[in-house]
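All heavy atoms count here, side chains included; hydrogens, waters and symmetry mates do not.
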Amino acid sequence: MKSLTYRKIASNVMVSVMAQVIYLCVSLLMNFILPRFIPEEEFAKWQLYITYLSFVCIINFGIYDGLMLRYSQYDYDELEKRRMRSQFQFVLLVTTIAAVAFILVACLVLEGTSRQLMILIGIAMITKNAGLYSSDTFQLTNRINRYALQSIVQRVTYAVIVIFLICFKVDNFFWYCFSDICGDVLAFCVAQFTNRGMYFGKGFISPKEMVLETGRNIRAGAMLMLAVWSCTLTITAAKLVVQWCWGLSYFSNVALAFSITNVFLSITTAVSNVLFPSLQRLKPETLPDMYGKIRQYVSVIIFTVFILYYPGCWILEKWIPGYSSSLPYLGVLLPVVVFSVKRNLLANTYLKTYRKERMMFAINIFAGAIGIIAFVIIGKVFRNIYALLIAVDLSMLLSCILSEIVVNKVIKGRILKDFIIDVIMSAGFIAVTYYLSRWWACLAYAGLLVMYFIVNYRFLMDVCRMVIRRLRSLLRRKPAAEATAAESAAETADAGADGAASADTSAPAEDALEQDAEKGE
C-alpha cells in the first residue's frame, strides 16, 4: 500500500473537482440551455427520468460499497482480480435479469410516455451499475486520474449528443435520455482499457467462495449504501410528492430548482468518494485535525458562492423566462447544499473511515423517514410548496446535526460554535431571499457575509498567508530549475569525450536507480 501525503490527497481532490467541473458544465447545459429549446412538458418528462434514476443503483445490494469498505486500503496490483470481477459479474447478471423483466412488464402493462420512461430506466439499470463498478474500483485503488477520465468521457459524450439534438431541433425527451445512456456505454468501454482484469478474465473463484465473498460485501456495504442513498431518496421523495400533489407542469418548475441543487450534491458526493480511500491510508492521529480544517474551508466557499444566486436569478429570468417562477423555490432550497455537503463530504466520510456504518445508517434512515412523512403530510394536507421545501432543509439539518455529533464524539472535536454560525447564515439567506426584493436581499446577504468574514477573520488570514507562501515557493522554484538546467548543460560540455565512456559505465547503475524509484513509487 502506498502512503499518502496531504499534497497527494489535495491533488486527488483537485483532479476529482476538475472532472466535476465538466459534470457541472454539462448539468448547466441540461438545466439552463435545454429548457429554452424543448417544450415544458418534454423537459418535465426528462426530469422524471433523472428522478427515477435515483433508484437504479440500489439493485447492487451494497456489494460495491462493501468492496470500497473492505479493499480501499489496497493498491491496484495488490487486489485479487478474480475475486473482484466475480462481484461485477454477479451484479451484472442480476441487473440484466431484473432489467429484462422490468422492460417486459412495462411493455405489457404501460402505454405511451410511461412505457418509454420505464424502458429507458430498465436499460439505465444495467449501464449505471456497470459504470458505478468502474468508478468505485478506480477510487478504492486511488487511481483518481482514470476515474476522472471515465467521468469526463461520459459527460462529454452526453453533451455532444445533446448539442447535436438541439441543433437539429429534436424536442422529444426520449432522445435526450437515450444520449445519457450512450455516454454510459462509451465511458464503460474506455474504463475497460484502463482497468484490465477487473471485469472478465480466465481465472475464476469457486461458486462457494463467490457466494461467501458476495455475502461479506453485502453485510459490509448494504447499510452504507442505504445510508448514503437515503439523502438521494429524501430529495427524490420531495420531488415525487410535488408531482403527485401539484401535477407535471408544476413539477417541471420545482424540479429545475431541485436539479440545480443536485448539481452541487453530486459534486460533493464525487469528492467524498475520492476523499474516503485517501483517509483510509492516513495515520489515525491526523484525522481529527483534518476534519476541522476541511469543514472551515467548505463553509467559507459555500456561503461565498451563495451570493451568486442573486445575479444568477437575473440572468436566468432573461434567458428562460418561462421558468422564472422556480427561482424563489431555489432560494429556499439552496441551504440544503450546506448541510448535505457537511454530511456527505465530512460526517459520512469520517463515519465510514472509523467503520461506523451502523450508526450512519440509523441516523440517515431516521432523518430521511421523518422528512418523507413530513413531505406527504404537507403535500396532502397543507398543500404549501414553500413549507415542503423548508421541510427538506430541516430534514437535511437534522441528519447533519446527528452525524456531526457522532463524528465529533469519536474524534473528540468541538464545532458547536461553527455549527451555530452555519445555521444562522442559512436561515439568514432564506429569510432575506423570501421577504425582500432581489437586490435588497443581495445587499442584506452581502452584509451578513461581511459579518461572517469578520467572525472568521483569523482563519481567512491564515488561508491568505498560506496561498501567498505557495505562490512564492512556486516562483522560487522556477529560477532554481533554470539554474540547475544551465549547470547541467555546462557540466555536459566540459565532460567532452570522457563523458561518453562515463555514460556507458554508469548507464546500468542509472537504470537500476530508475527501477528502484519506480518500485518505491
Side-chain angles (χ1 to χ4, degrees), residues 18-54 56-57 99 103 106 112-132 134-135 146-194 248-249 251-253 255-256 258-260 262-264 266-267 270 312 315-316 318-323 326:
M18 290 302 296
Q20 296 313 306
V21 168
I22 303 295
Y23 173 84
L24 176 62
C25 293
V26 177
S27 297
L28 292 176
L29 167 69
M30 298 304 296
N31 287 298
F32 300 139
I33 308 296
L34 190 60
R36 187 178 174 91
F37 294 99
I38 68 173
E40 185 175 324
E41 185 177 353
E42 296 299 313
F43 182 72
K45 293 173 185 176
W46 174 76
Q47 289 280 2
L48 272 179
Y49 165 78
I50 299 299
T51 301
Y52 292 140
L53 279 185
S54 306
V56 300
C57 288
I103 291 171
T113 298
S114 298
R115 177 190 290 178
Q116 289 181 317
L117 270 173
M118 293 305 107
I119 290 172
L120 289 165
I121 295 299
I123 299 171
M125 196 181 296
I126 300 172
T127 61
K128 295 295 179 186
N129 277 284
L132 181 62
S134 296
S135 62
R146 296 179 183 184
Y147 156 73
L149 175 63
Q150 178 193 352
S151 178
I152 289 170
V153 169
Q154 198 279 335
R155 304 312 294 181
V156 169
T157 303
Y158 186 18
V160 169
I161 298 175
V162 166
I163 292 170
F164 177 83
L165 293 172
I166 291 174
C167 290
F168 283 86
K169 298 182 179 180
V170 177
D171 60 2
N172 190 317
F173 84 99
F174 179 89
W175 298 109
Y176 292 95
C177 301
F178 189 71
S179 62
D180 176 54
I181 294 171
C182 291
D184 292 338
V185 172
L186 183 59
F188 179 72
C189 293
V190 170
Q192 288 198 72
F193 287 103
T194 56
L248 190 61
S249 60
F251 170 80
S252 66
N253 283 282
L256 180 62
F258 276 108
S259 296
I260 295 170
N262 194 56
V263 170
F264 295 100
S266 299
I267 293 173
I315 293 170
L316 286 175
K318 302 296 181 183
W319 177 250
I320 43 175
Y323 290 86
S326 68

Got a list of side-chain donor-acceptor pairs under 3.5 Å for residues 177-187, not counting sequence neighbours?
| residue | atom | partner | partner atom | Å |
| --- | --- | --- | --- | --- |
| S179 | OG | Y176 | O | 2.6 |
| D180 | OD1 | K128 | NZ | 3.3 |
| D180 | OD1 | Q154 | NE2 | 3.1 |
| D180 | OD2 | Y49 | OH | 3.0 |
| D180 | OD2 | K128 | NZ | 3.0 |
| D184 | OD1 | K128 | NZ | 3.3 |
| D184 | OD1 | Q154 | NE2 | 2.9 |
| D184 | OD2 | T127 | OG1 | 3.2 |
| D184 | OD2 | K128 | NZ | 3.1 |

Under 3.5 Å, which donor-acceptor pairs do the side chains of residues 166-173 form with other protein atoms, sequence neighbours left out?
| residue | atom | partner | partner atom | Å |
| --- | --- | --- | --- | --- |
| N172 | OD1 | F174 | N | 2.9 |

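Smallest separation of non-hydrogen atoms from A44 and F251: O-CE2, 3.8 Å. Shortest non-hydrogen contact noted between A124 and V56 is O-CG2, 4.5 Å. Between A99 and G122, the shortest heavy-atom contact is CB-O, 3.2 Å. Here the shortest heavy-atom pairing between F32 and P35 reads C-CD, 3.7 Å.
L117 places none of its side-chain heavy atoms less than 4.5 Å from the side chain of S114. Inter-residue side-chain proximity for F37 and L165 is flagged as unmet; no heavy-atom pair is nearer than 4.5 Å. Using a 4.5 Å heavy-atom cutoff, the side chains of V190 and L149 are in contact.
To the nearest 0.5 Å, atom CD of residue Q47 and atom CD of residue E42 are 13.0 Å apart. For the atom pair OH of Y158 and OG of S27, the computed distance is 8.5 Å after rounding to the nearest 0.5 Å. Atom OG1 of T194 and atom CD of Q192 lie 9.5 Å apart (nearest 0.5 Å). Atom CD1 of I103 sits about 6.5 Å away from atom CD1 of I126, to the nearest 0.5 Å. Residue I315 holds its CD1 atom at 11.5 Å from CD1 of I320, rounded to the nearest 0.5 Å. The CD1 atom of I121 sits 4.5 Å away from atom CG of L53, with the distance rounded to the nearest 0.5 Å.
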V156 vs I22, side-chain contact (heavy atoms from CB on, under 4.5 Å): CA-CA, chis, key distance, verdict: CA-CA 8 Å; V156 169; I22 303 295; 4.0 Å; yes

Take C57 and N129 through the side-chain contact (heavy atoms from CB on, under 4.5 Å) test and state the conclusion after the steps. CA-CA 6 Å; C57 288; N129 277 284; 4.3 Å; yes

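Without hydrogens or angle criteria, Q150 side chain to G131 main chain gives a donor-acceptor distance under 3.5 Å.
Other residues, nucleotides and ligands place no more than 12 heavy atoms under 6.0 Å from the CD atom of E41.
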